[in-house]
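Chain identifiers are assigned alphabetically (A, B, ...) following the order of the sequence lines, protein sequences preceding nucleic acid strands; residue numbering begins at 1 within each chain.
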Number of protein chains: 2
Amino acid sequence: MPDRKKAPPAKATRDREATEQRFIEAAARVIARDGAAGLGVNAIAAEAGADKKLIYRYFGGLDRLLEAMGANTALWLGHALSAPQGSYGERLTRVFLAYADNLRSDPVLQKLLAWELASSSDTLRRIDAARSKAMYMLMPKVRGDEKPPEGVDAPAVNAILLAALHYMTLRGATMGGFSGLSLKTEADWQRAMSAFKGLLERTYGND
Amino acid sequence: MPDRKKAPPAKATRDREATEQRFIEAAARVIARDGAAGLGVNAIAAEAGADKKLIYRYFGGLDRLLEAMGANTALWLGHALSAPQGSYGERLTRVFLAYADNLRSDPVLQKLLAWELASSSDTLRRIDAARSKAMYMLMPKVRGDEKPPEGVDAPAVNAILLAALHYMTLRGATMGGFSGLSLKTEADWQRAMSAFKGLLERTYGND
DNA sequence: TCCTTCTGTCACCGATCGGTGACATGTGGT
DNA sequence: ACCACATGTCACCGATCGGTGACAGAAGGA
């Protein structure tokens, strides 16, 4: 909100790479603030303090700009598994909780997830594919050489818990709760996380 | 060219109640088709085949129209518990699966849920409050006189599973899957539902 | 120096948005 | 008959949308 003046007609950085980066960061800020609604070349250009024409000239359109933005956001975690010790259930619980914290403090990712549930453009598909791939690369590390208990469809169960985490995070951010469960304070989230841990323990062993 | 047109402007039902109902049904159709995006007085009026002016005159605006529409959609299930027999886990599993089927075949409700995750208007809050209330009224019936196992935060666990169901339903409708789990065919959903059942059984007893 | 290319700026277009005033027409009361 | 009112129709407004053409200035090679 502070910066960007332009009284004289000629007075810009004249640096394409820097300008492109400004657009990318501006797009992320707009999404974080307003979500998918109200997302357009006019808003992004105003946020970047540059002219929308450059979006078309440099990126070829809004979609390609968003793709470039999504590519930058392709390394969410990676930290969560710094010490991959403990049993399968312990490792998975740890990475799950770390991911939950990360997601809850990342409004851009939240808006992106919400957008994926409302629309289905090719751009969104590509962004989601990149994220899924990163997730897939992570799984062997958490799995290690251990096998999940028999009779348990681990991919399905993990998808369920991840889906619940996504949904509750988004509901907490917008409605402040879900299904009678409040999701505002830190205590609320600790209660929810405790329930998640219980489900994980009951599924993968209570170690 | 003085004076032109104004010949036959007369041909309507001239029935306020019927027209209001046309608007409500048109709003539901627009939401089912296009979701929250592109939802406006122009689209609804065109879908209803009536003039948008009447939306303001009869409802007082778009928000009130959507509220009226949401009020009509306040009786999702109720059938699911026709035979409330079996243990707590069995009853809950039954109503859960019935709700899943219902949700998966109701595009309006899906778009409404997705909308709630992206925005947070007062109108959405009211609609959600009505739905939550209906859910609350249902719980005593499924709970009966039985108590959930100790050490289990039943409201939290149920919220988690419901959240997962919502999220996976929406992802199945838009992206066709989530977290590597395909959610397109009936077999895909049976696999997911089997995992849900497993979680319910491990939580509430495998009866 | 001149000329070309790239970066940035601005004005403008057509389409569409939400919202409203003016008006024609049907209906019912007296 | 007349009149008051409710219903429906249409044209129009200002704002905003995505998108583009025309132009000014800076950089760099010859």
- Would a 4.5 Å heavy-atom cut-off, applied to side chains only, mark B/Met168 and B/Leu181 as touching?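 The answer is yes; the side chains approach within 4.5 Å.
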Which donor-acceptor pairs under 3.5 Å do side chains of residues 108-119 of chain A form with protein atoms, sequence neighbours excluded?
unit_1, atom_1, unit_2, atom_2, d
A/Gln110, NE2, A/Leu103, O, 2.9
A/Gln110, NE2, A/Arg104, O, 3.2
A/Lys111, NZ, A/Ala32, O, 3.0
A/Glu116, OE1, A/Arg131, NH2, 2.8
A/Glu116, OE1, B/Arg171, NH1, 2.9
A/Glu116, OE2, A/Arg131, NH2, 2.5

B/Arg14 (side chain) and C/dG26 (base): donor-acceptor pair under 3.5 Å: yes
Counting distance only, does the side-chain N/O of [X] pair as donor-acceptor with the main-chain N or O of [Y] below 3.5 Å?
X	Y	value
B/Asn102	B/Ala98	no
B/Glu146	B/Tyr88	yes
B/Asp15	B/Ala18	yes

Residue pair B/Glu201, B/Lys197: steps toward the salt bridge (charged side-chain N to carboxylate O under 4.0 Å, His left out) verdict: CA-CA 6 Å; B/Glu201 287 177 1; B/Lys197 279 196 281 190; over 6 Å; no
- Check against side chain to side chain contact (heavy atoms under 4.5 Å, CB included), A/Thr93 and A/Glu90: CA-CA 5 Å; A/Thr93 299; A/Glu90 284 173 346; 5.7 Å; no
C/dG8 OP1/OP2 closer than 4.0 Å to side-chain N/O of A/Thr19: yes
- [ ] State whether B/Arg16 places a side-chain N or O below 4.0 Å from either non-bridging phosphate oxygen (OP1 or OP2) of D/dT7.
- [x]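 True: B/Arg16 side-chain N/O within range (under 4.0 Å) of D/dT7 OP1/OP2.
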Subject >> CD1-CG distance between B/Ile24 and B/Leu66, expressed to the nearest 0.5 angstrom >> reply: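 Here the rounded value is 10.0 Å.
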| task | Among residues two or more places apart or on two chains, list those pairs meeting ring pair (Phe, Tyr, Trp, His ring centres under 6.0 Å) that have a residue in residues 164-199 of chain A. | result |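 Those involving residues 164-199 of chain A are A/Phe96-A/Phe196, A/Tyr99-A/His166, A/His166-B/Tyr167, A/His166-B/Phe178, A/Tyr167-A/Phe178, A/Tyr167-B/His166, A/Phe178-B/His166.
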All N/O donor-acceptor pairs, side-chain side in residues 156-163 of chain A, below 3.5 Å, sequence neighbours left out:
unit_1, atom_1, unit_2, atom_2, d
A/Asn158, OD1, A/Tyr204, OH, 2.8
A/Asn158, ND2, A/Ala154, O, 3.4

**OP:** Within residues 27-45 of chain B, find the residues that approach DNA chain D with a heavy atom at under 4.0 Å, and present them sorted by residue number.
**Re:**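 Residues of residues 27-45 of chain B under 4.0 Å from DNA chain D: none.
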Review point. Among residues 49-59 of chain B, which residues get a heavy atom nearer than 4.0 Å to DNA chain D?
Key: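 The answer is B/Asp51, B/Lys53, B/Leu54, B/Arg57, B/Tyr58.
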Computed from five pairs at either end and rounded to 10 degrees, the angle between the axes of the helix from C/dC2-D/dG29 to C/dT30-D/dA1 is 20°
A/Asp15 has an atom CG; how far is it from atom P of C/dG8, in whole Å?
->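 Rounded to whole Å, this separation is 7 Å.
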To the nearest angstrom, the CD-P distance between A/Gln21 and C/dT7 comes to 16 Å
task = Determine whether more than 12 heavy atoms belonging to other residues, nucleotides or ligands lie under 6.0 Å from atom CZ of B/Arg33.
result = yes
